[in-house]
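The analysis underlying the following values was restricted to heavy atoms, covering all of them including side chains, and did not include hydrogens, waters or symmetry mates. Counting from 1, the numbers follow the sequence of the chain as shown.
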Amino acid sequence: MKILFVCSQGMSSAIAVNALEKEAKAKGVEIEVKAVSTQQFEEEVKNGYDAAMVAPQVRHRFDTLSAQA
């Protein structure tokens with residue numbers, strides 16, 4: 001499963017990405033997680049992700065991000 005995590009700058013999400021990877025490994029689930037900024041999202045989402053997660057600090061942009069996806 002490929003997951004794209006979008007946050008304000010693409011850097012503060014490292015903790016969330018690490019937690020997702022750790023939990024998936026513990027459950028035997030193969031995942032690929034990448035974190036990007038809102039500015040990178042539109043291009044990166046084109047690379048075939050199964051899910052996108054929106055960080056709380058950018059939830060006000062959810063409708064825009066959803067339309068881009």
Side-chain angles (χ1 to χ4, degrees):
M1 174 178 269
K2 286 178 68 174
I3 301 171
L4 185 60
F5 192 92
V6 60
C7 69
S8 183
Q9 297 298 319
M11 297 168 63
S12 63
S13 55
I15 293 170
V17 168
N18 289 337
L20 283 170
E21 291 173 335
K22 181 180 176 182
E23 193 64 25
K25 184 177 181 180
K27 296 195 182 314
V29 176
E30 280 192 43
I31 65 168
E32 176 185 329
V33 184
K34 183 171 184 175
V36 295
S37 70
T38 55
Q39 293 81 14
Q40 298 168 309
F41 180 79
E42 187 172 13
E43 274 304 308
E44 187 60 39
V45 77
K46 295 175 185 176
N47 292 323
Y49 288 87
D50 299 302
M53 299 177 69
V54 178
Q57 71 266 31
V58 293
R59 68 178 170 259
H60 64 280
R61 301 218 32 217
F62 180 83
D63 290 340
T64 301
L65 297 168
S66 181
Q68 292 172 346

**Message:** Per the salt bridge (Lys or Arg N to Asp or Glu O under 4.0 Å) rule, what does the pair list look like for residues 24-33, sequence neighbours excluded?
**Reply:** E23-K27

**Asked** Taking the side chain from K2 and the backbone from N47, do they hold a donor-acceptor pair closer than 3.5 Å?
**Response** yes

**Asked** What are the two closest non-hydrogen atoms of F41 and V6, and how far apart are they?
**Response** CD1-CB, 3.9 Å

**Item:** Spacing of I3 atom CD1 and E21 atom CD [to the nearest 0.5 Å]
**Value:** 9.0 Å

**Message:** I need the minimum non-hydrogen distance between M1 and D50, along with the two atoms involved.
**Reply:** CA-OD2, 3.2 Å

**Item:** Name of the residue among L4, L20, N18 meeting side-chain contact (heavy atoms from CB on, under 4.5 Å) with V33
**Value:** L20

**Request:** Identify the two heavy atoms, one from V17 and one from A35, that lie closest to each other, and give their separation to 0.1 Å.
**Result:** CG2-CB, 3.9 Å

**Request:** Scan residues 59-69 for pairs that pass side chain to side chain donor-acceptor pair (under 3.5 Å), counting only residues two or more places apart or in two chains.
**Result:** T38-R61

**Request:** Write down the atom of V58, the atom of C7, and the distance for their closest heavy-atom approach.
**Result:** CG1-C, 3.9 Å

**Item:** Heavy-atom pair of closest approach, residues Q57 and S8
**Value:** NE2-N, 3.8 Å

